[in-house]
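Shown next, in structure tokens, is the structure this report addresses.
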Amino acid sequence: MLTDTRVALPAQRPLADHSFFAALLLLAAALRVVTMLGYRPVTLYWYDSFTYLDTAVHPAPSATFHPIGYPLLLRALLPFHSVELVAAVQHVIGLGTGMLLYAVLRRRSAPGWVAASAAVPLLFDASFLRLEHAVLSDTQFIFLIVAGPAVLMWSPRLSVRAAAGAGLLFAAAALTRTIALPLLLLVVFVLAVRRVGRRPLAALVLAGTLPLAGYAAWYAQHHGRFAISGADGVALWARTMTFADCARIQPPPELARLCPNGTKVDAASEYVWAPGASLNLLPGDRFTHNDLARSFAIEAILAQPLDYLGDVVRDTAIAFSWTPVPHPDRTTPAFGFRSGHWELPDQPLIDKVKREYDPDLRGLSSVSPYADFLIAYQYAAYLRGPFLGLILLLGAVAAVRRPRVALLPWAVAMGLLIGPVAVLDFDHRYVLPVIPVACLAAALAFRAGEEGIQRKWPSRRQHHDSRAQ
């Protein structure tokens with residue numbers, strides 16, 4: 001009896017075809033070139049952009065809303081004395097974030113078209129183009145909060161080295177925007193629930209907290225208090241001004257000075273700057289009363305928890321509107337590319353930044369036909385609120401189906417969505433970092449099929465051999 005025994009060799013997965021994503025990346029790069037040609041030199045905001053540039057020249061921990069992370073990037077580019085170079089680097093960072101998003105999804109078995117599609121909002125939404133072309137911390141922050149989960153998700157088993165690297169990334173994110181501080185705690189909680197092991201978890205905690213502790217010590221040298229920011233209490237106080245009722249709170253006399261005094265504005269964040277708000281009527285700078293403001297806010301939240309939650313839910317819901325809602329009314333929530341020329345304000349700080357950072361600093365001008373194209377493009381290239389809701393819903397499905405992979409990015413996306421509203425207010429700028437992380441979670445609902453990758457042996461040849469037996 002003749003036998004013909006054959007052993008099937010392990011199936012080899014072919015190299016992924018990245019041509020679709022490469023084409024998208026090329027188009028996204030072209031859009032960024034058009035943006036740089038259409039708006040010269042860059043978008044500068046008073047007073048945020050100029051305080052960042054000033055801190056880059058004179059590094060020191062800020063007692064307001066701006067930690068040191070982004071000024072360090074600006075300082076690295078200081079020898080070139082060009083804000084246009086800053087914008088160019090940020091456009092490259094935006095492209096790099098899209099590539100990272102695609103790479104980690106392919107690594108975790110997402111189909112090519114799904115991984116490429118997940119990067120589309122980040123690469124093509126006009127709001128991201130505007131952020132990258134402005135001297136603001138957002139682009140750096142978005143890269144860091146995408147890179148952190150990406151490092152943690154890169155391999156099925158989390159190593160100590162990867163955990164430490166992710167901890168450093170989240171620490172850098174917190175030093176860029178302080179809203180990442182609670183994100184670090186959220187990530188630790190999710191990984192603890194996943195039982196990744198004590199050593200990786202310890203590495204993440206140490207790598208994440210040591211840089212923050214070092215910065216807090218530096219902050220203490222300048223401001224006499226071990227902290228990351230001197231504005232957290234002011235922000236939370238402003239959040240409570242939309243609902244606080246001192247008849248119910250009954251604060252002690254020292255805190256009663258911060259009760260609502262009848263001043264009305266159209267958004268919680270506006271209370272920080274409203275001249276008539278109770279905090280701004282106290283002697284000295286508003287940020288010198290940060291601890292007092294925090295104490296009042298905690299008292300208000302404990303006395304009126306349902307009112308607080310109701311305001312957070314109501315303001316968070318703005319993110320899901322089809323038509324962008326101005327909040328506050330003075331802002332442009334979307335479609336901000338316009339024609340014209342905008343002079344810089346007459347401010348001593350601007351003159352100082354001109355002397356020390358970029359002597360060619362000037363007001364923004366639109367340049368045709370590039371700006372004309374972007375003005376038309378932005379109305380189509382905008383992720384509407386209901387689509388963001390669908391992406392988050394799909395991410396929730398992925399988190400249930402594949403919790404070991406998708407739960408982390410979905411939790412980070414939800415933290416980024418709710419966190420800023422809970423500690424200050426809703427802002428359309430604050431929603432943009434949610435989008436790439438939410439897309440990362442949503443894309444994990446799909447897995448590349450096995451068909452066409454692994455071939456099985458019960459073929460004609462095997463059937464013929466069995467008959468020969």
Side-chain angles (χ1 to χ4, degrees), residues 16 18 20-21 24-25 28 94 97-128 142-143 145-154 156 183 186-187 189-191 193-194 312-313 315-324 334 380-421 426 428 430-451:
H18 305 299
F20 177 50
F21 179 72
L24 291 178
L25 195 64
T97 307
M99 294 173 65
L100 180 61
L101 193 62
Y102 175 81
V104 71
L105 284 170
R106 294 314 311 269
R107 176 84 174 181
R108 298 317 299 254
S109 304
W113 69 270
V114 172
S117 299
V120 164
L122 174 67
L123 293 176
F124 291 96
D125 192 310
S127 298
F128 287 98
I142 290 169
F143 170 76
I145 56 97
V146 170
V151 169
L152 293 172
M153 296 164 56
W154 192 255
L183 279 186
L186 179 62
V187 169
F189 174 76
V190 171
L191 294 181
V193 170
R194 281 180 42 194
V312 171
V313 170
D315 286 351
T316 302
I318 298 173
F320 305 112
S321 303
W322 177 265
T323 301
Y382 176 76
L383 184 69
R384 301 280 180 170
F387 293 114
L388 174 60
L390 289 174
I391 291 169
L392 288 167
L393 183 60
L394 188 57
V397 172
V400 172
R401 291 179 55 193
R402 303 179 65 189
R404 293 192 63 81
V405 180
L407 179 59
L408 177 65
W410 183 80
V412 169
M414 293 302 297
L416 286 168
L417 178 66
I418 299 171
V421 185
F426 174 86
H428 287 274
Y430 301 159
V431 176
L432 293 177
V434 177
I435 294 174
V437 190
C439 288
L440 175 59
L444 292 168
F446 303 87
R447 300 184 71 171
E450 300 298 320
E451 296 82 3

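- Between Val114 and Leu105, every side-chain heavy-atom pair lies at or beyond the 4.5 Å cut-off.
- Nearest heavy atom pair, residue Leu394 against residue Phe446, reads CD2-CE1, 3.8 Å.
- Between His18 and Tyr102, the ring-plane angle classifies as perpendicular under the 30° and 60° cut-offs.
- Contact annotation: the side chain of Phe124 approaches that of Leu24 to within less than 4.5 Å [non-hydrogen atoms, C-beta and beyond].
- Side-chain contact check for Leu122 versus Cys439: every heavy-atom pair is 4.5 Å or farther apart.
- Residues Ala115 and Arg106 come closest through the heavy atom pair CB-CD, 3.5 Å.
- The nearest pair of heavy atoms linking Met414 to Leu392 is SD-CD2, 3.9 Å.
- When side chains are defined from C-beta on, His428 counts as touching Ile318, because their heavy atoms get closer than 4.5 Å.
- The nearest pair of heavy atoms linking Ala150 to Val104 is O-CG2, 3.8 Å.
- Taken from CZ in Phe128 to OH in Tyr382, the straight-line distance is 10.5 Å, to the nearest 0.5 Å.
- Taking 4.5 Å as the limit, some side-chain heavy atom of Leu123 sits within range of a side-chain heavy atom of Phe21.
- In Arg401, the CZ atom is not crowded: 12 or fewer heavy atoms of neighbouring residues, nucleotides or ligands sit closer than 6.0 Å.
- Within the model, atoms CG of Leu100 and CH2 of Trp154 stand 7.5 Å from one another, a figure rounded to the nearest 0.5 Å.
- Scanning for side chain to side chain contact (heavy atoms under 4.5 Å, CB included) contacts around Arg404 gives Arg194, with sequence neighbours left out.
- With sequence neighbours left out, the side chain to side chain contact (heavy atoms under 4.5 Å, CB included) criterion links Val187 to Leu152, Phe170, Leu191, Leu204, Leu408, Val412.
- Residues forming a side chain to side chain contact (heavy atoms under 4.5 Å, CB included) with Ala319 (at least two apart in sequence, or on another chain): Leu388, Leu417, Phe426, Val431.
- When all heavy atoms of Pro436 and Ile142 are compared, the closest pair comes out as CG-CG2, 3.9 Å.
- To the nearest 0.5 angstrom, Leu440 atom CG is 14.0 Å from Ile435 atom CD1.
- Here CZ of Arg402 is found 4.5 Å from CZ of Arg447. Values are rounded to the nearest 0.5 Å.
- Under a 3.5 Å cut-off, the side chain of Arg108 and the backbone N or O of Leu444 do not form any donor-acceptor pair.
- Closest non-hydrogen pair, Ala398 versus Ala441, comes out as CB-O, 3.3 Å.
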